[in-house]
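In what follows, a single structure is set out as structure tokens and then discussed.
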Amino acid sequence: MQINVDHSINSGQVFLWEKFGTKKWYGVNGADILLVDESNPKKVQSYQKSSCDLFREKDDFDKIIKTISKDKIIKKAIKEFPGLRLLRQDPFQCYISFIVSANSNIQNIRHTLQRLAKKFGDKVTFDKKEFYLFPEPKRLASATKAELLSCGLGYRAPFVKDAAIQVVDGWIDFDHLKKADYHAAKESLIQVYGIGNKVADCILLFSLEKLEAFPLDRWIIRSLQQYYPQRFSFEGKTITDKKYRLLHEQIVQHFGPYAGYCQQFLFKMIREANQKNWL
DNA sequence: TACTAACCTGTACG
DNA sequence: ACGTACAGGTTAG
């Protein structure tokens, strides 16, 4: 089954990627830089010469697509954006990125993360280009408030520092969370100052192997209201803890254990329909 | 438990 | 120009 690099990178999962020319994407992934050439996406090159399975090629994509094709809407989304994949990200980078993403927009998130990487990450040269690796936990944990504010974090500055400290101190252990089940892992993440339901689900889906995670953000809510007014209806404007849980249960019941893939297709579709910008 | 307002920052709109 | 709204939410009350 094919991989569509553009669709996958431009679907709100990652922020520190940049296209050079018409075919080459370079991206920061933790302590690594990745290079994806659209003419051969299965050969991802890496600064660390590591094999990270960026496109989750070990997932049985055909089977997953079959499993999640439960209704007309999702079939349309899959047809409209073929080869859209979930990307497997570095957990710490993903964790910080989505804390930074709260109540912000893609351009802003990207800019802030770039400044964080430049200020706290190591500079490396790869394929004759310069990059800044994503900062290590200890660097962010020991950052001063003023340094973090200078990156444009605003009120999220203490969130980022505290979240990094949780990792350094071992209260958040990504290898452990990968092995835990969805609910247990989510419960741990929610404890972190600055992480709520939505951010936790992003981290779980994009970096901790929890494919039943289904981040419910503004756009997905909009898409559910627009496309599934009967099936996933809910009252009120705000989405409370309880409503979030209930809605997630209904979603997994409908789409099954790979619901996270559906979220990605629906998110891509609703944003494209509203002509929103990507990277 | 459920609901609201306030919140840094940057940009797009009138 | 300059105010206002809003953006992939979360927290505190």
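As a basis for the values below, the full set of heavy atoms in this structure was taken, side chains included, without hydrogen atoms, waters or symmetry mates. Fair warning: this is a prediction, and the values are worked out from it, not measured in the lab. Order of the sequence lines fixes the chain letters, A, B, ..., with proteins taken first and strands second; residue numbering starts at 1 for each chain.
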Any luck finding a side-chain donor-acceptor pair between Asp71(A) and Tyr228(A) under 3.5 Å?
yes
With a 4.0 Å cut-off on heavy atoms, is [X] in touch with a base, just the backbone sugar-phosphate, or nothing at all?
{"X": "Ser11(A)", "value": "base"}
{"X": "Val100(A)", "value": "nothing"}
{"X": "Asn197(A)", "value": "sugar-phosphate"}
{"X": "Ile195(A)", "value": "sugar-phosphate"}
{"X": "Arg222(A)", "value": "sugar-phosphate"}

Without decimals, in angstroms, what is the distance between [X] [atom1] and [N] [atom2]?
{"X": "Arg156(A)", "N": "dC8(B)", "atom1": "CZ", "atom2": "P", "result": "10 Å"}
{"X": "Lys276(A)", "N": "dA12(B)", "atom1": "NZ", "atom2": "P", "result": "11 Å"}
{"X": "Leu153(A)", "N": "dG10(B)", "atom1": "CG", "atom2": "P", "result": "11 Å"}
{"X": "Lys243(A)", "N": "dT4(B)", "atom1": "NZ", "atom2": "P", "result": "9 Å"}
{"X": "Phe159(A)", "N": "dT9(B)", "atom1": "CZ", "atom2": "P", "result": "13 Å"}
{"X": "Ile203(A)", "N": "dT10(C)", "atom1": "CD1", "atom2": "C1'", "result": "13 Å"}
{"X": "Asn277(A)", "N": "dC6(C)", "atom1": "CG", "atom2": "C1'", "result": "15 Å"}
{"X": "Tyr155(A)", "N": "dT10(C)", "atom1": "OH", "atom2": "C1'", "result": "7 Å"}

The side chain of [X] is closest to which nucleotide in this list: [options]?
{"X": "Arg115(A)", "options": "dG10(B), dA7(C), dT10(C)", "result": "dG10(B)"}
{"X": "Thr240(A)", "options": "dT9(B), dC3(B), dT10(C)", "result": "dC3(B)"}
{"X": "Tyr193(A)", "options": "dA7(C), dA12(C), dT10(C)", "result": "dA12(C)"}

Mind checking the [atom1] distance from [N] to [M]? Whole angstroms is fine.
{"N": "dT4(C)", "M": "dA6(B)", "atom1": "P", "answer": "15 Å"}
{"N": "dG9(C)", "M": "dT1(B)", "atom1": "P", "answer": "24 Å"}
{"N": "dC8(B)", "M": "dG13(C)", "atom1": "P", "answer": "14 Å"}

Watson-Crick or G-U stems involving DNA chain B, each at least 3 pairs long, distances under 3.5 Å, ordered by first number
B:3-7 with C:9-13, B:9-14 with C:2-7
Minimum-distance pair of heavy atoms, taken over all atoms of Asp90(A) and Asn29(A)
N-OD1, 2.8 Å
Is any side-chain N of the basic residue among Glu38(A) and Lys19(A) closer than 4.0 Å to the acidic one's carboxylate O?
yes
Sidechain N-carboxylate O distance under 4.0 Å for Arg85(A), Glu57(A):
no
Aromatic contact between [X] and [Y], with the criterion being ring centroids under 6.0 Å apart: yes or no?
{"X": "Phe61(A)", "Y": "Tyr258(A)", "value": "no"}
{"X": "Phe214(A)", "Y": "His254(A)", "value": "no"}
{"X": "Tyr47(A)", "Y": "Phe131(A)", "value": "no"}

Classify the side chain of Asn103(A) versus the base of dT10(C) as yes if they form a donor-acceptor pair under 3.5 Å and no if they do not.
no
Is any N or O donor-acceptor pair between the side chain of Tyr244(A) and the base of dG9(C) shorter than 3.5 Å?
no
Can you tell which of Phe92(A), Phe159(A), Phe15(A) makes a ring-ring contact (aromatic ring centres under 6.0 Å, His included) with Phe98(A)?
Phe15(A)
Could you pick out which residue, Ser101(A) or Gln191(A), lies toward the 5' side of DNA chain C when each is mapped onto its nearest nucleotide?
Ser101(A)
